[in-house]
Every structure is written in C-alpha cells, then in structure tokens.
K.L.:
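Let me begin by handing over the structure; questions about it come next.
As the structure is a computational prediction, the values presented were derived from the model and not from experiment. No hydrogens, no waters, no symmetry mates; every other heavy atom, side chains included, goes into these values.
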Amino acid sequence: MDHQGEFRRAALELGIPDDEISRFSQHLRLAIGLSGGGDGSPVGHIGGLPRLPVGMKWPSTGGIPLPLLLSVDCGALPRVEGFDLPADGTLLFFVHQEMDFGTPRADPGQYARVVYVPDGTETAVAEPPNSACAGGRIDVCAELRADLPLWLEEGDEDEDWHEFWEDLEWDDMSPFQQQLARYIERELPHLDELRSLAHGLWSSGAYLVIGGYADDEATVGSITAKTLAEEECLSFLDEDMLRLASEWIPLANESRIYGECYTKFMIRHDDLAATRWDKTLTVTISDAP
C-alpha cells in the first residue's frame, strides 16, 4: 500500500501546501505496533517458547540462558516503505534484562541475541533451560503506527525532553538548536495539523513496536554512549545525538514499564538491510527506585 500517497492526499484535503507535506514526510516513519487481544490474525508472540532450528542450543552467555522476549513472523507483518525487514522467516529476540541493564557498556550482543530463522528451516519447539527463560505466552496482532523524531513529537508533562525544548530561551540555545527552531517555524507552520493527521491515520497504543524511532531520551542517550568513541555527555537536541538517533531504528521496542526493566533492540539501517543481526545493540532501562 502507498502509505505516503495516502498521507499526502489527506493532507492536501486539509489545505496544507504540497511542499510542506513533503518536508514533514521526510521525518515521518511508520512503525508496526504489536499488541495482544486484537481482532486480526496473530503475527507472533511475546514470551512463550521459541521454535529453533533443529540442533540449535538455547541462546546463552557464559552459561547464562537468555529469556525469550519476542517471536515474530516477518511474512505476516505489514510492509513498511524504507524498513528492510526480511520478507519471510522468523525473528526471535532474547535478552537477560537484569544483566543487560547492569552492564550498560558491555558488548551490545553480550546479554542479548537476535536469531533469524529462514522459512523452510527444520525447527522444533525448544525446551527452556529454566522456568525464567519462558514467561507466559501472549499472542500478538499487528497494526501500523506513525512515529516522528523526538524533536518533532508533541510531549506531555512526563517527558522532560519536551519541557527542555519548550522552556529554552533563544539566547540559551546552541546554534544547532536555533537552527531546528527556525526550521520548525519557517518550514513546518502546519506541524500540529500534520502531526495530528499522521497519528490519526496510524495510531497504536501497542506495548511493543517494531520500527519507527527511539522513543525516549534515555534510549537516544544510551545509543550515543555506546557508539561514540568520546567519553562525553551530550545534551539532548545535540547534532550528533540526533544524527545517531536517525541512523538507528528499533527492531523491537518494548514500552516503558514503571518499576521494571524494559528493553529496546536497535540496529542501523545498513546493518538491517544486510541482515547483520549481530550488529544489534540493546538498551535496557529500569524505572525501579
């Protein structure tokens, strides 16, 4: 389906200029929301037991088994322009969240694995090494959702990054932040209408999302810390931080759970296109006091 064309036609009907629609669309990404209890056919499951290639051992690190977070059938997912997921086969996401959170600067693959099982592979339901490796299974359905980079999203009182952007005085902004502010004011005067339209066409309150953007400052900051060679703390809305956030895409983006760990599997666009699953970086965050 031509999602960009659908969006353009709807925006033109609102009287928004075509060139502004094009500028906004450059930043708009469609993601795939996964949630249980939907009316559609299941496309995978959270928790439960994976089907692994016959003879393959349960993924582990140093003898520590990695629990299954998600199994998803790529062939059953809606197709999204610019998102190079495999056309078929199964993606399996394993992560030991406590270990991944406790060692944030570890090798990105140390306490997590992404396993791709091509269609036609002989598989069998794997026996878990222990009960912690396979939580209760929740079958999930898929629906599209609209995602924008953080600096274009509408925040709320719980999002510190939005308060930071709104409260900045012009003289306190860096030259790059001033450039962003001018771009929004001059090039996207109908931002509110375009943003509302996108979220109206493709809205999802899904617990787990594939694709889109990193959806919080902690994730973007962790990507920066794990990928930049310099040991420096970059402020949000820094040019390098936003560049990195644009280069990476969530393979599996678990929503924030207060008081618990939640994990995001991130991969660069070129590594996704080349199916270099070992290049996936995990960001595990905890809201526990």
K.L.:
Taking the side chain as every heavy atom from C-beta outward, state whether E187 and E20 have any atom pair closer than 4.5 Å.
P.N.:
no
K.L.:
Flag the pair F94 / P59 as yes when at least one side-chain heavy-atom distance between them is below 4.5 Å, and no otherwise.
P.N.:
yes
K.L.:
Using the ring centroid of each side chain, check whether W248 and Y213 are separated by less than 6.0 Å.
P.N.:
no
K.L.:
So, applying side chain to side chain contact (heavy atoms under 4.5 Å, CB included) with L92, which one of L70, V114, L52 is it?
P.N.:
L52
K.L.:
Which word best sums up how the rings of F7 and F24 line up, parallel for under 30°, tilted for 30 to 60°, or perpendicular for over 60°?
P.N.:
parallel
K.L.:
Show the numbers, then the answer: is there a side-chain contact (heavy atoms from CB on, under 4.5 Å) between H3 and E81?
P.N.:
CA-CA 8 Å; H3 299 108; E81 300 95 332; 3.0 Å; yes
K.L.:
Would you mind reporting whether F83 and L30 have side-chain heavy atoms less than 4.5 Å apart?
P.N.:
no
K.L.:
Is the shortest side-chain N to carboxylate O distance from D271 to R276 below 4.0 Å?
P.N.:
yes
K.L.:
Would you say T284 and T263 are linked by a side-chain donor-acceptor pair, where the criterion is simply a distance under 3.5 Å?
P.N.:
yes
K.L.:
So, T282 versus D100: side-chain donor-acceptor pair below 3.5 Å or not?
P.N.:
yes
K.L.:
Under 3.5 Å, is there a donor-acceptor pair linking the side chains of H27 and E153?
P.N.:
no
K.L.:
Would you mind reporting whether F93 and V115 have side-chain heavy atoms less than 4.5 Å apart?
P.N.:
no
K.L.:
Any side-chain heavy atom of L188 within less than 4.5 Å of one from Y183?
P.N.:
yes
K.L.:
Which one of E98, Q97, M99 satisfies the side chain to side chain contact (heavy atoms under 4.5 Å, CB included) criterion with V95?
P.N.:
Q97
K.L.:
Which pairs, with at least one residue in residues 26-36 and sequence neighbours excluded, count as a salt bridge (Lys or Arg N to Asp or Glu O under 4.0 Å)?
P.N.:
none
K.L.:
Could you work out, with side-chain hydrogen bond (donor to acceptor under 3.5 Å, both in side chains) as the rule, every residue matching T275, not counting sequence neighbours?
P.N.:
none
K.L.:
Taking all heavy atoms of S60 and all of L66, pick out the closest pair and write down the distance.
P.N.:
CA-CG, 3.9 Å
K.L.:
Do you see a donor-acceptor pair shorter than 3.5 Å between the side chains of S22 and R8?
P.N.:
yes
K.L.:
Does any non-hydrogen side-chain atom of T123 lie less than 4.5 Å from one of V54?
P.N.:
no
